> 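Following this message is one structure expressed as structure tokens.
Since the structure is predicted, the reported quantities are computational estimates derived from the model, not experimental observations. Chain naming here is simple, since letters A, B, ... match the order of the sequence lines and numbering starts at 1 in each.
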2 protein chains.
Amino acid sequence: MGAMARTPPHPEVSEFGLQQVLEALVDPVRRSIVAQLDASGTDIPCGGFDIPVSKSTATHHFTVLREAGLIRQYYVGTSRMNSLRRADMDEAFPGLLDAINGQPVRKT
Amino acid sequence: MGAMARTPPHPEVSEFGLQQVLEALVDPVRRSIVAQLDASGTDIPCGGFDIPVSKSTATHHFTVLREAGLIRQYYVGTSRMNSLRRADMDEAFPGLLDAINGQPVRKT
DNA sequence: GTCGAAGTTTGACAGTGATCGTACCTTCGC
DNA sequence: GCGAAGGTACGATCACTGTCAAACTTCGAC
């Protein structure tokens, strides 16, 4: 047992803050995580990213991204999956992710 | 005389870096400066902004904004004018300033 | 020339955040 | 149960950055 949260807290779109989102995106490692999620179009477990930091540091980055509203996290067995909250971000800050991820990457 | 630079160095559009721009925009005071420039549509001297910091701190913020390419600075008498490099930013990172300044503020 | 207004420079300080190693906790497979 | 894999929690560094005060510079007005 243990009172561990299977599902950590996620902010709602109405709670997104520009300051917090920018603080999350200003770190190159975190931008890389977002870019990899955006490029793949799939959910990726924490260990599935190509980032040059230790596991504990990675955990920290995922936490920052989740609390800012950029990703959603959920467990699948022993793995923690990460999902980009594209639509939510586009709703809260239209154009921001596109501007940061370079070319708009139209997907209609 | 004095070897003081009447015109400090400004990066060219081709030299703009996303990392540097984000580091500049992550500070609320600097975002406020950019917003005031964008809203006014005019050039504003350093002392003409509504920001809650000392003069020396303000100088620092203007330097960061200039080196990132967000503003252009030039002297007019004893005043240092600040000009938003809107077009340059839009060219380097389309949509970024609009996304950060909230509503696109169409000006056709 | 002298004074004041407008900024800059310098140095110091405090807070924050990225980073890591180690220990710990779950879940899966056997 | 046991072990391993995948992450998390906890401290502890360490560098960077925002902040200010004080001293200095430069230009304009008189």
Side-chain angles (χ1 to χ4, degrees), chain A residues 1-10 17 19-34 36-37 42-68 70-83, chain B residues 1-10 17 19-34 36-37 42-68 70-83:
Chain A
M1 52 187 172
M4 180 177 180
R6 292 81 72 179
T7 302
H10 289 78
Q19 183 62 37
Q20 205 173 356
V21 170
L22 288 179
E23 283 172 2
L25 291 175
V26 81
D27 185 282
V29 175
R30 290 195 286 264
R31 266 208 318 288
S32 173
I33 290 172
V34 169
Q36 290 178 46
L37 279 172
T42 65
D43 294 0
I44 303 178
C46 291
F49 290 88
D50 182 17
I51 48 178
V53 295
S54 68
K55 286 205 299 181
S56 51
T57 300
T59 295
H60 171 241
H61 286 310
F62 288 119
T63 302
V64 171
L65 286 171
R66 171 169 47 73
E67 292 181 340
L70 281 155
I71 63 173
R72 182 170 284 116
Q73 295 189 292
Y74 59 96
Y75 277 102
V76 171
T78 173
S79 288
R80 191 168 215 174
M81 298 299 296
N82 299 279
S83 172
Chain B
M1 52 183 167
M4 181 175 177
R6 295 79 73 177
T7 302
H10 289 79
Q19 183 62 39
Q20 206 172 353
V21 170
L22 288 179
E23 282 170 3
L25 291 175
V26 79
D27 186 281
V29 174
R30 290 194 287 263
R31 268 209 313 291
S32 173
I33 290 172
V34 169
Q36 289 178 49
L37 279 172
T42 66
D43 294 0
I44 303 177
C46 292
F49 291 89
D50 182 17
I51 48 179
V53 295
S54 68
K55 285 205 299 180
S56 51
T57 299
T59 295
H60 171 242
H61 286 311
F62 288 119
T63 302
V64 171
L65 285 171
R66 169 168 48 73
E67 293 182 343
L70 281 155
I71 63 172
R72 182 169 286 116
Q73 295 189 292
Y74 59 97
Y75 278 100
V76 171
T78 173
S79 288
R80 191 166 215 176
M81 298 299 294
N82 300 278
S83 170

> Is any side-chain N or O of Arg80(A) closer than 4.0 Å to OP1 or OP2 of dT27(C)?
no
> Think Ser54(B) has a side-chain N or O under 4.0 angstrom from the OP1 or OP2 of dC20(D)?
yes
> Is there a side-chain contact between His60(A) and the phosphate of dA9(D), meaning an N or O under 4.0 Å from OP1 or OP2?
no
> Is the backbone of Glu67(A) close enough, under 3.5 Å, to the side chain of Gln20(A) for a donor and an acceptor to pair up by distance?
yes
> Between Arg66(B) and Ile71(B), is there a donor-acceptor pair closer than 3.5 Å when you use the side chain of the first and the backbone of the second?
no
> To the nearest 0.5 Å, tell me how far His10(A) NE2 sits from Leu70(A) CG.
11.0 Å
> In the structure I gave you, are the side-chain heavy atoms of Arg30(A) and Glu23(A) within less than 4.5 Å of one another anywhere?
no
> Any side-chain N or O of Thr59(A) under 4.0 Å from OP1/OP2 of dA9(D)?
no
> Take the protein atom CD of Gln19(A) and the nucleotide atom C1' of dG17(C), then report the distance between them rounded to whole Å.
14 Å
> Starting at CD1 of Ile51(A) and ending at C1' of dC20(C), how long is that distance when rounded to a whole Å?
14 Å
> From the options dG7(C), dA5(D), dA18(C), select the nucleotide whose nearest atom is closest to the side chain of Cys46(B).
dG7(C)
> Between P on dA5(C) and CE on Met81(B), what's the gap in Å once rounded to a whole number?
19 Å
> If you assign Val76(A) and Pro52(A) each to the DNA chain C nucleotide with the nearest heavy atom, which residue ends up on the more 5' nucleotide?
Pro52(A)
> Is there a side-chain contact between Thr57(A) and the phosphate of dC20(C), meaning an N or O under 4.0 Å from OP1 or OP2?
yes
> CD of Glu23(A) versus P of dT16(C): gap in Å, rounded?
11 Å
> Over all heavy atoms of both residues, which pair between Asn82(B) and Cys46(B) is shortest? Give the atoms and the distance, please.
ND2-N, 3.3 Å
> Write down the distance between CZ (Phe62(A)) and C1' (dG6(D)), rounded to a whole number of angstrom.
12 Å
> Rounded to the nearest Å, what distance is computed from the CG atom of residue Asp43(A) to the P atom of nucleotide dG6(D)?
18 Å
> Taking CD1 from Ile44(A) and C1' from dG7(D), how many angstroms apart are they, rounded to a whole number?
17 Å
> Rounded to the nearest Å, what distance is computed from the NE2 atom of residue His61(B) to the C1' atom of nucleotide dG7(C)?
15 Å
> Nearest to the Asp27(B) side chain among dG7(C), dT8(D), dG18(D), which nucleotide is it?
dG18(D)
> Nearest to the side chain of Ser56(B) - dA22(D), dT19(D), dA6(C)?
dA22(D)
> Quick check for you: among dA18(C), dA5(D), dA6(C), whose closest atom lies nearest to any side-chain atom of Ser79(B)?
dA6(C)
